[in-house]
J.: 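Take a look at this one; I'll ask things after.
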Amino acid sequence: PPADGEGDEAAGDAEAEEGDGAVEVDAQPAGARAEAHAFRVEGRSDWQPLAAQHPDQLEIVADMSGNSTCEGTTSDFAAYFQARYTQIAKFLRNRRELRNAIPVERVRAGMQDVQLIVMVDEVMTTKNGHRRLNVQDASGSITVLVRNTEQALMAMASSIVSDEVIGIVGQASSKGDLVFANALVRPDIPLPDPNQQRGAQVPLMAAFLSDIHVGSKTFLDANWKRMLRWLNGHGSTKRERDAAGRIKYLVIPGDLVDGVGIYPGQQDELSIPDIYDQYGAFGDWMQSIPEHVQIVIQPGNHDASRPAEPQPAFTQEVREKFGHHATRFLANPATFKLHGVTTLGYHGNSLIDYAASVAGFEFSAPLPIMEQMLKSRHLAPIYGERTPVAPEHHDYLVINTVPDIFVTGHVHVPGIQGYRGVQMVNSGTWQRQTTYQKMLNFTPDPAKMPLIDLQTLRGTLVDFQTPENTGQMAST
């Protein structure tokens, strides 16, 4: 993943700017664990945070922790894909275009109105430039052809990935073994109801951080300290202090630490070589989070959790590192409500698979990929690529509940964008460019913290890249 670390041989506490000056870099001392333990920041004495006046209202909607039943058998995988098909087919059957959907086995030669709900086996381009989809349902399989003269259909077909569940509308060929597509239908999320009240009743905020990578020599501890001071009311303007005081929730969707044994040679790039010491250091850093802030933590691919998704919440051995603060540990993915605002948290491993599979998608631009996840109602449809999936008998990666906020991390590029009333957030990173990212010629955009106003659902990015711009807020 793009979070692999790189070495930094500098020593001492002096800060030095890297590259074009976008980010300050702290030299990582040998005692990185001790530094985290020693650092503390208290709230500004005259600061009266609004969030401290409101008790948290955190409600868990969906969390698979404790419900894993699979053993990885062939029957488990069959049950998993059947569950995916069944769950997403329910959404598709509500689409007007598919109200008369039939099983594949009932397609007849020359049939003029064919409506199918299918899972995609394979997508390919023919020698004549048409798009061919091999699809199936429980009754059988068939080939669907998207003709190259249908530009809009071709554009959509180019974004369809294997193992996605979609609807097909078209006509059967004279032999009945082929369907010429007139429409490709994704389940999608509905348009927001203008008559439905959304947002919290009080003007509180949620902040989002991920991919911190404590324990790596590339962890940006100077920037992290500036963020902690800002969270405690030490912003340079009243607007900044008021914004910090409205933060009631801190959501962290994965990669708290750099981990151990994630990639070859990682041990040479760690400032803290033991993973539980890494969590100890992260827990120490978190002691400076204001007490009135409720923390939500999920695992990522660098964390001490099973690699296959869905990932259950952290075990007690990790949780005990955070005993000093109110923290809820949830699975990856999980759905929860923050003062009534439905939030879907997902680390985002599959962003890389989408970028590798769909022309025009880049992992450096996660928000368009997140939009496609919402349209597909699935977080990681592609099986067998870089995102390992556990064959549970219920597909926990299906987006059953439409969120108000959808947050991912993983790709180290923060951003906020709306789609059909959902605020999509990528929570960025607190790690500078790694060896792996240099190899890909990819430059991350670290040390920026997204905020979402839970009352209005508007978003803001708070910048901590240099002392000069610390606390600057860019609305989106």
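Values below: all heavy atoms of this structure, side chains included; hydrogens, waters and symmetry mates excluded.
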J.: Taking side-chain contact (heavy atoms from CB on, under 4.5 Å) as the test, write out the residues that go with Ser236, two or more places apart.
T.: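 Partners of Ser236 under the side-chain contact (heavy atoms from CB on, under 4.5 Å) test: Glu240.
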
J.: Apply side-chain contact (heavy atoms from CB on, under 4.5 Å) to Thr86 and list each qualifying residue two or more places apart in sequence or on a separate chain.
T.: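 Residues passing side-chain contact (heavy atoms from CB on, under 4.5 Å) with Thr86: Lys90.
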
J.: Going by side chain to side chain donor-acceptor pair (under 3.5 Å), name the residues that satisfy it together with Gln82, two or more places apart in sequence or in a different chain.
T.: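 So Gln82 forms no side chain to side chain donor-acceptor pair (under 3.5 Å) with any residue.
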
J.: Under the rule for salt bridge (charged side-chain N to carboxylate O under 4.0 Å, His left out), what residues qualify as partners of Glu392, not counting sequence neighbours?
T.: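 Per chain and number, Glu392 pairs via salt bridge (charged side-chain N to carboxylate O under 4.0 Å, His left out) with Arg306.
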
J.: With Asp274, which residues qualify under salt bridge (charged side-chain N to carboxylate O under 4.0 Å, His left out), at least two apart?
T.: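 Per chain and number, Asp274 pairs via salt bridge (charged side-chain N to carboxylate O under 4.0 Å, His left out) with no residue.
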
J.: For Gln455, enumerate each residue passing the side-chain contact (heavy atoms from CB on, under 4.5 Å) test, keeping only those at least two apart in sequence or located in another chain.
T.: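 Gln455: side-chain contact (heavy atoms from CB on, under 4.5 Å) contacts with Pro203, Asp453.
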
J.: Hey, what's the ring geometry for Trp430 with Trp224, parallel, tilted or perpendicular (30° and 60° as the breaks)?
T.: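 Rings of Trp430 and Trp224: perpendicular, as their planes differ by over 60°.
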
J.: Can I get a per-line list of side-chain donor-acceptor pairs under 3.5 Å for residues 57-64, giving both atom names and the distance, sequence neighbours left out?
T.:
from: Asp63; atom 1: OD1; to: Ser65; atom 2: N; distance (Å): 3.0
from: Asp63; atom 1: OD1; to: Ser65; atom 2: OG; distance (Å): 2.8
from: Asp63; atom 1: OD1; to: Ala331; atom 2: N; distance (Å): 3.3

J.: My understanding is that only residues two or more places apart in sequence, or in another chain, count here; which of them pass salt bridge (charged side-chain N to carboxylate O under 4.0 Å, His left out) with Glu309?
T.: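 None.
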
J.: For Glu97, is the CD atom crowded, meaning more than 12 foreign heavy atoms sit under 6.0 Å from it?
T.: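 Atom CD in Glu97 is crowded, with more than 12 foreign heavy atoms closer than 6.0 Å.
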
J.: Among residues at least two apart in sequence or on other chains, which ones pass side chain to side chain donor-acceptor pair (under 3.5 Å) with Tyr396?
T.: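 Per chain and number, Tyr396 pairs via side chain to side chain donor-acceptor pair (under 3.5 Å) with no residue.
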
J.: Atom CZ of residue position Arg328 - does it have more than 12 heavy atoms of other residues, nucleotides or ligands inside 6.0 Å?
T.: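 Counting neighbours around CZ of Arg328, 12 or fewer heavy atoms of other residues, nucleotides or ligands fall under 6.0 Å, so no.
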
J.: Report the residue from Met119, Gln372, Arg84 that forms a side chain to side chain contact (heavy atoms under 4.5 Å, CB included) with Pro381.
T.: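 Going through the options one by one, the only one that passes is Arg84.
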
J.: Mark yes when over 12 heavy atoms from residues, nucleotides or ligands other than Gln197 sit less than 6.0 Å from its CD; otherwise mark no.
T.: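 Atom CD in Gln197 is not crowded, with 12 or fewer foreign heavy atoms closer than 6.0 Å.
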
J.: For residues Phe406 and Tyr419, establish whether the separation of their ring centroids is below 6.0 Å.
T.: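 Centroid separation for Phe406 and Tyr419: 6.0 Å or greater.
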
J.: Determine whether the side chains of His410 and Asp255 contain a donor N or O and an acceptor N or O closer than 3.5 Å.
T.: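 No pair is found: no donor N or O on one side chain lies under 3.5 Å from an acceptor on the other.
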
J.: Given Phe282, which partner from the list Phe219, Phe322, Phe314, Tyr276 fulfils the ring pair (Phe, Tyr, Trp, His ring centres under 6.0 Å) test?
T.: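 Among Phe219, Phe322, Phe314, Tyr276, the one that satisfies the ring pair (Phe, Tyr, Trp, His ring centres under 6.0 Å) with Phe282 is Phe322.
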
J.: What pairs with Thr470 under side-chain contact (heavy atoms from CB on, under 4.5 Å), at least two apart in sequence or on another chain?
T.: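 Scan of Thr470 (side-chain contact (heavy atoms from CB on, under 4.5 Å), adjacent residues dropped) gives Arg226, Phe464.
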
J.: Using the rule side chain to side chain contact (heavy atoms under 4.5 Å, CB included), only one of Ile416, Leu209, Val407 pairs with Ser427; which is it?
T.: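 Of all the options given, the one that passes is Val407.
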
J.: Do we see a donor-acceptor contact under 3.5 Å between the side chains of Gln465 and Asp445?
T.: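 Indeed, the side chains of Gln465 and Asp445 share at least one donor-acceptor pair under 3.5 Å.
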
J.: With sequence neighbours excluded, tell me which residues meet side chain to side chain donor-acceptor pair (under 3.5 Å) with Asp404.
T.: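 Partners of Asp404 under the side chain to side chain donor-acceptor pair (under 3.5 Å) test: Arg198.
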
J.: With sequence neighbours left out, what residues match Lys248 under salt bridge (charged side-chain N to carboxylate O under 4.0 Å, His left out)?
T.: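 Not a single residue meets the salt bridge (charged side-chain N to carboxylate O under 4.0 Å, His left out) criterion with Lys248.
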
